[in-house]
Amino acid sequence: MEHNTRYDVQALRGDYPILSREIYGKPLIYLDNTATTQTPLQVVDTIRDMYTGHKANVHRGVHTLSQEATAMQEDTRRLVASFIGAESSDEIIFTRGTTESINLVAASYGMLLEPGDEIILSVMEHHSNIVPWQLMAERRGLVIKVIPMSDAGVLDMDAYRSLLTRRTKIVAVAHVSNVLGTVNPVKEIITEAHKAGAVALIDGAQAIAHLEVDVRALDADFYVFSSHKMYGPCGVGVLYGKRSLLEKMPPYQGGGEMIKSVSFEHTEFAELPFKFEAGTPDFVDIAALHTAIDYMTGIGLANIAAHEEELLTYTTPRLLEVPGLRIYGTAPHKSAIISFLIGDAHHYDTGMLLDKLGIAVRTGHHCAQPLMHRLGITGTVRASFALYNTLEECDSFVAAVKRVAAMLG
Ligand code: PMP
């Protein structure tokens, strides 16, 4: 068996006590990383340190604890900015997650649009990158258009170009599909959007922990992601937006911290990034996100990507040996996500039997019902890999799928 020389996977697994759990007496093999990644002890320690030694509300205090907590939050903002290549930390807005980041842009940027203006999405979007736009489209009389894809799960770029018109104002597309694993050509998508005078939002939920992301190299107008999918804590997300756009957008929520001055006659809003951060932020988890980013960069995103690519190219052909197994998502450029079905077996039955063998996979529509409709299915079984998965786990997974396939006939 090949050995990963990029980093010591076995040693890193010690950072994740949960990976030593047994499920039905079998070692847990966690392949639901697309839904959420596990959290290393280093990140948990930061949360503990925050609660035991630093907890104080940010921004509002002259006292030492408050200043420390504020400094930690703003350190994370600077680290996020450099992690994704943003020009300034003022362009980093903390939210609750990808979903809230997209809702923020849809609700706020949407107010700048006129009836008849057009939004382009792709057929493989997560509901989080569909429903916020639909809500805004209803309120503002906007039109939504959809980029189709090939059976392999590759976006049809000619069709995309033909959808762009002078009325196109926003293009919102996933960097990586959470079902198919397709890595979309987002740089090209953004360039074409700009040529048409539109702005582009990239849903980076499935890219941020698996690829090197540089928002300036991409020239993305908005880029969004969640901490819990990048080895960080739950409850925190990021909206990156170009300063020129964020400055002209109206606030999303009103409350404390997002104001400069308030009277009953008139309120003046705070500067970026605080204009979009109403209320007490999740400063504990924001501090822990810092640790998660340090953790990933300590290993190196390129190393993580190469390791996951190895897991994907190792597992795919072996899985295809299972009689009747079909993989959904066979784009040439894909991330380590494998969606599949076996014969006529229901995805739920396959997932339940795999669970009995200790294997955690996700089943269902994966919050991508329009994509399921395009594929003519109701759901898939999805295995998704992360930096701590091993080739041995891939072998056990394939063996388990073979057993389940035999059981299901
Ligand atoms: N977009 C994509 C592509 C996703 O995979 C997910 C999570 N499954 C989301 C958006 C939503 O992320 P969250 O639930 O963390 O807001």
Side-chain angles (χ1 to χ4, degrees), residues 30-39 43 80 93-107 119 121-135 146-147 149 153 155 170-186 189 200-211 213 220 222-240 252 281-282 285-286 288-289 292 308 328-329 331 333-339 360-372 374 379-386:
Y30 184 77
L31 298 179
D32 194 17
N33 295 288
T34 299
T36 196
T37 48
Q38 295 301 340
T39 313
V43 171
V80 170
I93 314 293
F94 289 120
T95 64
R96 285 189 301 122
T98 305
T99 302
E100 190 177 50
S101 298
I102 298 172
N103 273 280
L104 190 164
V105 177
I119 298 169
L121 310 176
S122 93
V123 69
M124 64 177 79
E125 295 314 307
H126 188 281
H127 296 163
S128 292
N129 199 25
I130 300 175
V131 183
W133 303 111
Q134 283 176 332
L135 292 172
V146 182
I147 311 170
M149 67 172 203
L155 290 182
I170 301 178
V171 176
V173 172
H175 198 161
V176 174
S177 159
N178 66 312
V179 179
L180 307 166
T182 309
V183 180
N184 287 316
V186 287
I189 289 171
L201 176 142
I202 303 303
D203 173 354
Q206 298 304 339
I208 196 71
H210 308 280
L211 307 171
V213 170
F222 301 102
Y223 196 98
V224 300
F225 51 93
S226 302
S227 153
H228 73 95
K229 293 181 195 285
M230 53 193 293
Y231 311 98
C234 294
V236 181
V238 170
L239 161 63
Y240 159 79
Y252 171 55
D282 186 351
D285 291 308
I286 290 171
L289 174 59
E308 292 174 357
Y328 293 87
H333 192 193
K334 70 175 273 192
S335 185
I337 296 173
I338 308 179
S339 271
V361 291
R362 190 146 293 244
T363 63
H365 55 61
H366 315 296
C367 294
Q369 284 182 344
L371 173 61
M372 294 301 126
R374 161 66 179 82
T380 70
V381 184
R382 181 185 69 190
S384 52
F385 302 81

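Ligands are counted one by one from 1 in listed order, and the atoms in each one are counted from 1 as well. In this chain, residues are counted from 1 in sequence order. Only this structure's heavy atoms are used, side chains among them; waters, hydrogens and symmetry mates stay out.
Looking at atom 5 (O) of ligand 1, its nearest protein heavy atom turns out to be Gln206 NE2, 2.6 Å. Counting protein heavy atoms only, atom 4 (C) of ligand 1 is closest to His126 CD2, 3.4 Å. From the protein, the heavy atom lying nearest to atom 14 (O) of ligand 1 is Thr99 OG1, 3.7 Å. The protein heavy-atom contact nearest to atom 2 (C) of ligand 1 is Asp203 OD2, 3.4 Å.
For the pair His228 and ligand 1, a heavy-atom separation below 4.0 Å is found. Close to ligand 1: Lys229, with a non-hydrogen atom less than 4.0 angstrom away.
Evaluated for a side-chain contact (heavy atoms from CB on, under 4.5 Å) with Met124, the options Val179, Leu155, Ile147 yield exactly one hit, Leu155. Partner Phe225 forms a side-chain contact (heavy atoms from CB on, under 4.5 Å) with one of Ile202, Thr95, Val80 and no other, that one being Val80.
A centroid separation of 6.0 Å or more is found between the aromatic rings of His366 and His126.
Which parts of ligand 1 touch Ser128 is read off a 4.0 Å heavy-atom cut-off, strictly below it: atoms 10 (C), 11 (C).
In the model, Thr380 has a side-chain atom that pairs as donor or acceptor with a side-chain atom of Ser339 under 3.5 Å. Between the side chains of Thr98 and Ser128, no donor N or O sits under 3.5 Å from an acceptor N or O. The closest side-chain donor-acceptor pair between Gln206 and His175, if any, does not fall under 3.5 angstrom.
Contacts with ligand 1 closer than 4.0 Å are made by side-chain heavy atoms of Ser226 only, the backbone lying farther away.
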